[in-house]
Amino acid sequence: MSVPKEKKDTVEKEFEAFPDVAADLINALLYQGSEVTGGDRLLAGPTETVYQGRKRLRSQYEDLCRYELRDGSISVMYLIANQSRADGKMLLRKAGYTGGVYREQYEGKMKEVFPVIEMVLYWGRTRWKGSRSFRELFRKKELPEAVWEHVDDLKLQVFEMRHLPVEVRERFHSDMRIVVDFLAEGAAYYSERRIVHKAALVKLLRALSGDRTVEDTEEELERMGIREEDEVRVCELFDQYARQGRREGEARRLVEDIDKLRKNLQLSLERACEVFEVSTGSYEEAKKLLRG
């Protein structure tokens, strides 16, 4: 069963909102790893723009917006959209997002004019097959080349996060490196990297793996004795999760076996525990572990 889209979007935005992660995404994906911007120069901006619908004004939302400041002025706005599924008309949505910002600049709602750069992070398992340019989107129109010369060359910058090549993944320096390596390498992934944003990272990895219960991440980390301020490496965290998983699996089997025996043979808890040569206290501890 997949993770609800709203929950996954929230987890992705929470992780990407960290200044170091946002800057890392921009530098690694847009600028081939060059440090063009930094977390200290990125300021959170509004994710809502307004457009005229058929009968009334309507709002449209981007996942993440960051202004880049240089010498006290806005030099550029970055918009980040998260996609779990390929959207063939995403280009038209982009035109609406960026157009809404430019419209506000034109109407004087902003003191400055600046370019808007949008990037799409695609987290789907299948490859992106949606249009990445107006020429692709309108290819069925079979327009003469003379017409194409006058069509705005709007392009969609889509990054398939599960399929980034090694040379691109190596450009990341934040916790996002852990995410893209994990998605690419799966069970074979191993790393000595130090984790900075532990709870947010684990939530994202769980959501991308299909886990529906990411809300208990902080409690799980607490049970494992991992605090946000602790220095923890990826291999240590994964090892802790593996041990926790084994403990929960053993506890679940014990509780299910004892409950089944009690039901089928009408035994007391004490007698059923004797059959499995465990104490009633062990049974209660196992149930407590499963309740979290």
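The shown structure was predicted, so the numbers you read here are calculated from the model rather than taken from an experiment. This chain uses plain numbering: 1 for the first residue, then up along the sequence.
- Taking the side-chain contact (heavy atoms from CB on, under 4.5 Å) definition, one finds that Pro115 meets it with Val76, Tyr102, sequence neighbours left out.
- Ring geometry for His197 versus Phe18: interplanar angle under 30°, hence parallel rather than tilted (30 to 60°).
- Partners of Ser279 by side-chain contact (heavy atoms from CB on, under 4.5 Å), not counting sequence neighbours, listed by chain and number: Ser282.
- Atom OH of residue Tyr78 and atom SG of residue Cys65 lie 12.0 Å apart, to the nearest 0.5 angstrom.
- Formation of a donor-acceptor pair under 3.5 Å by the Thr217 side chain with backbone atoms of Ala199 is not found in this model.
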Glu185 and Arg162: CA distance, side-chain angles, deciding distance, salt bridge (charged side-chain N to carboxylate O under 4.0 Å, His left out) verdict: CA-CA 9 Å; Glu185 300 175 22; Arg162 292 181 183 269; over 6 Å; no
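- In terms of heavy-atom proximity, Arg139 sits nearest to Ser131 at NH1-OG, 3.7 Å.
- Clustering of Ile, Leu, Val, Met, Phe, Trp and Tyr by side-chain heavy atoms under 4.5 Å joins Val196 with none of the others.
- Across all their heavy atoms, Met77 and Met110 have their closest contact at CE-CE, 4.5 Å.
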Take Leu183 and Tyr189, measure what side chain to side chain contact (heavy atoms under 4.5 Å, CB included) needs, and give me the verdict at the end. CA-CA 9 Å; Leu183 293 177; Tyr189 175 59; over 6 Å; no
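- The salt bridge (charged side-chain N to carboxylate O under 4.0 Å, His left out) search around Arg262 returns none, not counting sequence neighbours.
- Taking CZ of Phe15 as the reference point, atom CG of Leu205 lies at 7.5 Å (rounded to 0.5 Å).
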Take Leu30 and Met119, measure what side chain to side chain contact (heavy atoms under 4.5 Å, CB included) needs, and give me the verdict at the end. CA-CA 8 Å; Leu30 297 182; Met119 52 197 298; 4.0 Å; yes
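- Considering NZ of Lys287 and CD1 of Ile258, their distance stands at 10.0 Å, rounded to 0.5 Å.
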Could you walk me through whether Arg194 and Glu192 pass the salt bridge (charged side-chain N to carboxylate O under 4.0 Å, His left out) check? CA-CA 6 Å; Arg194 183 175 63 86; Glu192 296 276 355; over 6 Å; no
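- Residue Arg169 comes nearest to Arg177 through the heavy atom pair O-CD, 2.9 Å, listed as atom of the first residue, atom of the second, then distance.
- For Glu284, there are no salt bridge (charged side-chain N to carboxylate O under 4.0 Å, His left out) partners at least two apart in sequence or on another chain.
- Note: Asp63 CG to Glu12 CD = 7.5 Å, rounded to the nearest 0.5 Å.
- The main-chain N or O of Arg227 is found under 3.5 Å from a side-chain atom of Asp230 such that the two form a donor-acceptor pair.
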Applying side chain to side chain contact (heavy atoms under 4.5 Å, CB included), run through Asp259 and Tyr283 and close with a yes or a no. CA-CA 10 Å; Asp259 287 348; Tyr283 171 84; 2.5 Å; yes
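- At a cut-off of 3.5 Å, with distance as the only test, no side-chain donor of Ser191 or Arg233 sits close to an acceptor on the other residue.
- Closest of all the heavy-atom pairs between Val21 and Glu16 is CG1-CA, 3.9 Å.
- Applying the 6.0 Å contact sphere to CZ of Arg103 captures no more than 12 heavy atoms from other residues, nucleotides or ligands.
- With sequence neighbours excluded, no residue forms a ring pair (Phe, Tyr, Trp, His ring centres under 6.0 Å) with Phe159.
- The minimum heavy-atom distance linking Thr37 with Leu42 is given by the pair OG1-CD2, 3.6 Å.
- Arg252 contributes no side-chain N or O that, together with a main-chain N or O of Ala286, makes up a donor-acceptor pair within less than 3.5 Å.
- With sequence neighbours excluded, the residues satisfying side chain to side chain donor-acceptor pair (under 3.5 Å) with Asp24 are Ser174.
- In the model, Glu118 has no side-chain atom that pairs as donor or acceptor with a side-chain atom of Thr98 under 3.5 Å.
- In this structure, the side chain to side chain donor-acceptor pair (under 3.5 Å) partners of Asp87, at least two apart in sequence or on a different chain, are Arg93.
- Val214 is not listed as a side-chain neighbour of Val202, based on a closest heavy-atom distance of 4.5 Å or more.
- Listed by chain and number, the residues in a salt bridge (charged side-chain N to carboxylate O under 4.0 Å, His left out) with Arg171 amount to none (sequence neighbours excluded).
- The line from CG of Asp181 to CD of Glu170 is 8.0 Å long, rounded to the nearest 0.5 Å.
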Evaluate the criterion side chain to side chain contact (heavy atoms under 4.5 Å, CB included) for residue pair Leu64 and Leu79; output intermediate values, then yes/no. CA-CA 6 Å; Leu64 198 71; Leu79 297 176; over 6 Å; no
List the steps, then state whether salt bridge (charged side-chain N to carboxylate O under 4.0 Å, His left out) holds for Glu215 with Lys203. CA-CA 8 Å; Glu215 294 89 349; Lys203 281 183 185 179; over 6 Å; no
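- In this structure, Glu112 and Ser73 approach most closely via the heavy-atom pair OE1-CB, 3.0 Å.
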Which donor-acceptor pairs under 3.5 Å do side chains of residues 268-276 form with protein atoms, sequence neighbours excluded?
| from | atom 1 | to | atom 2 | distance (Å) |
| --- | --- | --- | --- | --- |
| Ser268 | OG | Arg271 | N | 3.1 |
| Arg271 | NH1 | Glu274 | OE1 | 3.2 |

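- Members clustered with Tyr122: Met90, Leu91, Leu92, Val120, Trp128, Phe134, Leu137, Phe138, Leu143, Val147, Trp148, Val151, Leu154, Leu156, Val158, by chain and number, using a 4.5 Å side-chain heavy-atom cutoff among hydrophobic residues.
- Distance check, rounded to the nearest 0.5 Å: CD1 of Ile117 to CD1 of Ile80 gives 11.0 Å.
- Proximity of a side-chain donor or acceptor of Glu35 to a complementary backbone N or O of Asn27 within less than 3.5 Å is not detected.
- Not counting sequence neighbours, the partners of Lys155 by the salt bridge (charged side-chain N to carboxylate O under 4.0 Å, His left out) test are Asp153.
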Derivation and outcome, salt bridge (charged side-chain N to carboxylate O under 4.0 Å, His left out), residues Lys140 and Glu142: CA-CA 5 Å; Lys140 293 183 178 179; Glu142 298 181 355; over 6 Å; no
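- Atom CG of Asn264 sits in a crowded spot, with more than 12 heavy atoms from other residues, nucleotides or ligands closer than 6.0 Å.
- Listed for the Glu136 side chain is a donor-acceptor partner under 3.5 Å among the backbone atoms of Arg132.
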